[in-house]
Amino acid sequence: MGQNADLIHHYTEFASFEAEGLQKGEIDFPEFEKVLNDYILSQPKETMEFKECWVYKEQDGLRTVRVDFYDHNLKNDIRLWGSRNPEDGQVKSLNVDALDVSTNEVVYERKLM
């Protein structure tokens, strides 16, 4: 997220993220939501613990979303983030990575789009 990005939504509780962000469509990024559902939310709740979600409008008009989870099996933070142009629906980026909690070093990174 750029320094000149405007925060649209910030979720710190899974219930509000699920009800408002996903069910009411406040994330407004279908490709992101599909990966989120297929990859992260399909895991047992005991495995993936929701931490936070941010939705920004960048200075160039892109919508940027980032969701952080803690993976209890791998003992890593998992971040899913991406950007989409809301005018034409084109996905600019979609990435997932894992960070070692003790060192904050990226131990896994994958570009999804």
Side-chain angles (χ1 to χ4, degrees):
M1 275 89 22
Q3 286 188 357
N4 295 323
D6 293 323
L7 181 64
I8 299 171
H9 302 286
H10 180 219
Y11 305 101
T12 58
E13 300 293 328
F14 184 74
S16 62
F17 167 70
E18 185 176 43
E20 297 165 23
L22 299 176
Q23 292 175 0
K24 288 185 180 176
E26 292 180 353
I27 289 191
D28 193 24
F29 192 158
E31 299 84 354
F32 185 94
E33 292 175 43
K34 178 163 178 26
V35 171
L36 181 66
N37 282 314
D38 291 350
Y39 177 72
I40 296 176
L41 296 179
S42 65
Q43 302 292 320
K45 292 185 192 258
E46 302 78 34
T47 301
M48 299 298 271
E49 177 184 341
F50 176 82
K51 293 177 75 175
E52 288 185 273
C53 172
W54 299 266
V55 181
Y56 289 95
K57 180 178 180 185
E58 301 288 342
Q59 188 174 18
D60 58 6
L62 293 180
R63 183 178 201 82
T64 300
V65 179
R66 177 176 146 188
V67 180
D68 292 2
F69 287 84
Y70 178 72
D71 185 326
H72 287 276
N73 289 341
L74 298 176
K75 308 285 190 247
N76 289 320
D77 281 338
I78 304 296
R79 300 184 302 187
L80 177 64
W81 79 95
S83 295
R84 177 180 183 266
N85 184 333
E87 290 183 22
D88 63 12
Q90 185 175 4
V91 176
K92 300 296 183 183
S93 66
L94 193 53
N95 304 284
V96 65
D97 64 18
L99 280 90
D100 181 295
V101 177
S102 60
T103 65
N104 277 337
E105 291 182 39
V106 175
V107 294
Y108 171 85
E109 187 171 20
R110 183 172 175 199
K111 186 172 186 164
L112 304 172
M113 290 186 159

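Basis for what follows: all heavy atoms, side chains included, without hydrogens, waters or symmetry-related copies.
Taking all atoms of both residues into account, the shortest heavy-atom contact from Val101 to Asp77 is CG2-N, 3.8 Å. Of all non-hydrogen atoms in Asp97 and Glu109, the two that sit nearest each other are CB-CA, 3.9 Å. Looking at every heavy atom in both residues, Pro86 comes nearest to Gly61 through CD-O, 3.3 Å. Taking both residues in full, the closest heavy atoms of Phe29 and Ser93 are given as CZ-O, 4.2 Å, listed atom of the first, atom of the second, then distance. Minimum interatomic distance between Tyr39 and Ile78 (heavy atoms only, all atoms of both residues): CE2-CG2, 4.4 Å. Leu62 and Ser83 make their closest contact through CD1-CB, 4.2 Å (heavy atoms, listed as atom of the first residue, atom of the second, distance).
With values rounded to the nearest 0.5 angstrom, Leu80 atom CG is found 3.5 Å from Phe32 atom CZ. Considering CG of Leu112 and CG of Asn95, their distance stands at 6.5 Å, rounded to 0.5 Å. Atom NE2 of His10 is separated from atom OG of Ser16 by 9.5 Å, given to the nearest 0.5 angstrom.
Only one option out of Lys51, Glu52, Glu26 pairs with Tyr11 in a side chain to side chain donor-acceptor pair (under 3.5 Å); it is Glu26. Each of Glu33, Glu58, Glu31 was evaluated against Arg84; a single residue qualifies, Glu31, per the salt bridge (charged side-chain N to carboxylate O under 4.0 Å, His left out) test.
Crowding of Lys34 atom NZ: a count of heavy atoms from other residues, nucleotides or ligands under 6.0 Å not exceeding 12. Within a 6.0 Å radius of CD in Gln59, no more than 12 heavy atoms belonging to other residues, nucleotides or ligands are found.
Remark: Lys57 does not engage Asp6 in a salt bridge, criterion side-chain N to carboxylate O under 4.0 Å.
Val67 is not listed as a side-chain neighbour of Ile40, based on a closest heavy-atom distance of 4.5 Å or more. Residues Val55 and Asp28 form no side-chain contact, since every pair of their non-hydrogen atoms from C-beta on lies 4.5 Å or further apart. Between Val107 and Leu74, every side-chain heavy-atom pair lies at or beyond the 4.5 Å cut-off. Using a 4.5 Å cut-off on side-chain heavy atoms (C-beta onward), Leu22 and Leu41 make contact. The shortest distance between side-chain heavy atoms of Val106 and Arg79 falls below 4.5 Å. Looking at heavy atoms from C-beta onward, Trp54 lies out of side-chain contact with Thr64 at the 4.5 angstrom threshold.
Qualifying salt bridge (Lys or Arg N to Asp or Glu O under 4.0 Å) partners for Asp68, counting only residues two or more places apart in sequence or in other chains: Arg66. Tyr108 meets the ring pair (Phe, Tyr, Trp, His ring centres under 6.0 Å) test with no other residue; sequence neighbours excluded.
Asp100 contributes a side-chain N or O that, together with a main-chain N or O of Ser102, makes up a donor-acceptor pair within less than 3.5 Å. Remark: side-chain polar atoms of Arg63 are paired, donor with acceptor, to backbone N or O of Ile27 under 3.5 angstrom.
Residue pairs satisfying the ring-ring contact (aromatic ring centres under 6.0 Å, His included) criterion with at least one member in residues 64-96, sequence neighbours excluded, are listed as follows: Phe50-Phe69, Tyr70-His72.
When hydrophobic clusters are built by joining Ile, Leu, Val, Met, Phe, Trp and Tyr residues whose side-chain heavy atoms come closer than 4.5 Å, directly or via intermediates, Val65 is not grouped with Leu99.
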